[in-house]
Amino acid sequence: MSVISRFPVPETLAELPDDLQQRILAVQEKAGFIPNVFLMLAHRPAEFRAFFAYHDALMERQSETLSLAEREMIVVAMSAQHECLYCVVAHGALLRIYAKDPLIADQVAINFRTAPITKRQRLMLDFAYHLAIECGVLTDDWLVSLQEQNFSMDDIWDIGAIASFFGLSNRLVSMAGTPPNPEFYLMGRMPRKT
């Protein structure tokens with residue numbers, strides 16, 4: 001078995017507070033495995049709770065104008081820029097599933113500017129890049145461009161918040177040396193057997 005983290009991880013779930021155990025077991029039941037990031041963060045229960053509370057608020061927020069696939073697209077594109085293998089692979093799996101496209105995650109990770117995405121999505125990723133990589137700000141010009149592509153103020157906040165939050169996530173996972181679970185590599189690439 002590969003090392004999940006350079007920091008302590010629980011030897012058993014029974015070592016963890018009940019709420020962390022329940023959260024991890026729920027993810028395991030849905031995915032069929034425990035994503036390594038859950039175990040990597042579990043050694044600090046308060047931070048685990050805060051991390052996943054903010055993650056869920058950003059990534060599961062209902063929006064008619066910013067899809068789950070687009071949210072994952074931001075994560076994959078920015079994680080690739082930060083050279084975070086774990087997040088590119090794990091969120092690439094989610095992007096493939098939400099977009100129902102087995103190729104899109106690899107294309108976005110390699111070069112989102114040449115990926116077969118819409119003009120609107122490319123602008124979204126350009127803005128995320130401007131904020132997360134170039135340390136830019138939301139200028140009037142960006143605001144006009146984004147609103148012309150029908151991004152609401154909530155969408156603009158979400159784009160910036162997702163790009164920012166995953167900068168934190170990318171650095172933590174990379175610092176800990178946490179590898180992606182092997183299961184992520186194949187998710188969303190082949191049609192599900194019914």
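Position 1 is the first residue of the sequence, and the numbers go up from there. The shown structure was predicted, so the numbers you read here are calculated from the model rather than taken from an experiment.
The closest side-chain heavy-atom distance from Leu131 to Ser164 is not below 4.5 Å. The side-chain heavy atoms of Met78 and Ile133, taken from C-beta on, include a pair separated by under 4.5 Å. Contact annotation: the side chain of Gln28 never approaches that of Phe38 to less than 4.5 Å [non-hydrogen atoms, C-beta and beyond]. At least one side-chain heavy atom of Leu123 sits less than 4.5 Å from a side-chain heavy atom of Ser145. By the 4.5 Å heavy-atom criterion applied to side chains, Leu41 and Phe52 are counted as neighbours. At a threshold of 4.5 Å between non-hydrogen side-chain atoms, the residues Met59 and Leu94 do not count as touching. For the pair Leu85 and Pro180, the minimum side-chain heavy-atom distance is below 4.5 Å. Put simply, the side chain of Pro182 does not reach to within 4.5 Å of the side chain of Phe33, judged on heavy atoms.
Surrounding CG of Asp140 are at most 12 heavy atoms belonging to other residues, nucleotides or ligands under 6.0 Å away. For Glu60, the CD atom is densely surrounded, since the number of other residues' heavy atoms within 6.0 Å is greater than 12. Within a 6.0 Å sphere centred on CZ of Arg44, other residues, nucleotides and ligands contribute 12 heavy atoms or fewer. With a 6.0 Å radius and a threshold of 12 heavy atoms from other residues, nucleotides or ligands, Trp142 has its CH2 atom above the threshold.
Every ring pair (Phe, Tyr, Trp, His ring centres under 6.0 Å) that Phe51 has, sequence neighbours left out, goes to Phe165. Remark: Glu64 pairs with no residue by the side-chain hydrogen bond (donor to acceptor under 3.5 Å, both in side chains) rule, at least two apart or across chains.
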task: Apply the test side chain to side chain contact (heavy atoms under 4.5 Å, CB included) to residues Leu125 and Arg122: give CA-CA distance (whole Å), side-chain angles for both, the deciding distance (0.1 Å), then the verdict.
output: CA-CA 5 Å; Leu125 296 180; Arg122 190 162 288 107; 5.9 Å; no

field: side chain to side chain contact (heavy atoms under 4.5 Å, CB included) evaluation trace for Ile34 with Leu39
entry: CA-CA 8 Å; Ile34 299 172; Leu39 298 173; 3.8 Å; yes

task: Just do the side chain to side chain contact (heavy atoms under 4.5 Å, CB included) check on Arg113 and Asp126 with the steps written out, would you?
output: CA-CA 8 Å; Arg113 291 186 176 98; Asp126 280 335; 3.2 Å; yes

message: The test is side chain to side chain contact (heavy atoms under 4.5 Å, CB included); show your working for Leu66 and Arg71 and say whether it passes.
response: CA-CA 7 Å; Leu66 194 65; Arg71 290 169 190 276; 4.1 Å; yes

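Applying the ring-ring contact (aromatic ring centres under 6.0 Å, His included) rule to pairs touching residues 75-115 yields His91-Phe166, sequence neighbours excluded.
Ile156 and Gln147 get closest at one heavy-atom pair: CD1-CG, 4.3 Å. Heavy-atom minimum distance, His43 versus Met40: ND1-O, 3.1 Å. For the pair Gly188 and Ile97, the tightest heavy-atom approach, listed with the atom from each and the gap, is CA-CG1, 3.9 Å. Scanning both residues, Ala105 and Val76, for their nearest heavy atoms gives O-CG1, 3.7 Å. Nearest heavy-atom pair, Leu146 versus Leu138, reported as atom, atom and distance to 0.1 Å: CD1-CD1, 4.3 Å. Contact detail for Asp155 and Ser63: the closest heavy-atom pair is OD1-OG, 3.4 Å.
Hydrophobic clustering (side-chain heavy atoms under 4.5 Å, transitive across Ile, Leu, Val, Met, Phe, Trp, Tyr) keeps Phe151 apart from Trp157. Criterion: ILVMFWY side-chain heavy atoms under 4.5 Å apart, direct or through other members. Under it, Tyr185 and Leu95 are part of a common hydrophobic cluster. In the hydrophobic clustering of ILVMFWY residues, with side-chain heavy atoms under 4.5 Å counting as a link, Leu186 and Val27 come out apart. Clustering ILVMFWY residues whenever any of their side-chain heavy atoms sit less than 4.5 angstrom apart, transitively, puts Ile4 in the very cluster that holds Phe7. In the hydrophobic clustering of this structure, Val88 does not group with Met73; members are Ile, Leu, Val, Met, Phe, Trp, Tyr whose side-chain heavy atoms approach within less than 4.5 Å, directly or through other members.
Atom CD1 of Ile162 is separated from atom NE2 of His55 by 9.0 Å, given to the nearest 0.5 angstrom. For the atom pair OG of Ser5 and CE of Met175, the computed distance is 7.5 Å after rounding to the nearest 0.5 Å. In this structure, the separation between CE on Met124 and CD on Glu70 is 5.0 Å, given to the nearest 0.5 Å. Note: Gln107 CD to Ile104 CD1 = 5.0 Å, rounded to the nearest 0.5 Å. To the nearest 0.5 angstrom, Ile159 atom CD1 is 12.5 Å from His130 atom NE2. Rounded to the nearest 0.5 angstrom, Glu83 CD and Arg171 CZ are separated by 8.0 Å.
When each of Ile117, Ile110, Asn111 is tested with Thr114 by the rule side-chain contact (heavy atoms from CB on, under 4.5 Å), just one qualifies, namely Asn111.
Here the side chain of Glu72 pairs no donor or acceptor atom with the backbone of Ala69 at under 3.5 angstrom. Judged by distance alone, with hydrogens and angles left aside, the side-chain atoms of Asn36 form no donor-acceptor pair with the main-chain N or O of Thr178 at under 3.5 Å. Arg120 contributes a side-chain N or O that, together with a main-chain N or O of Gln149, makes up a donor-acceptor pair within less than 3.5 Å.
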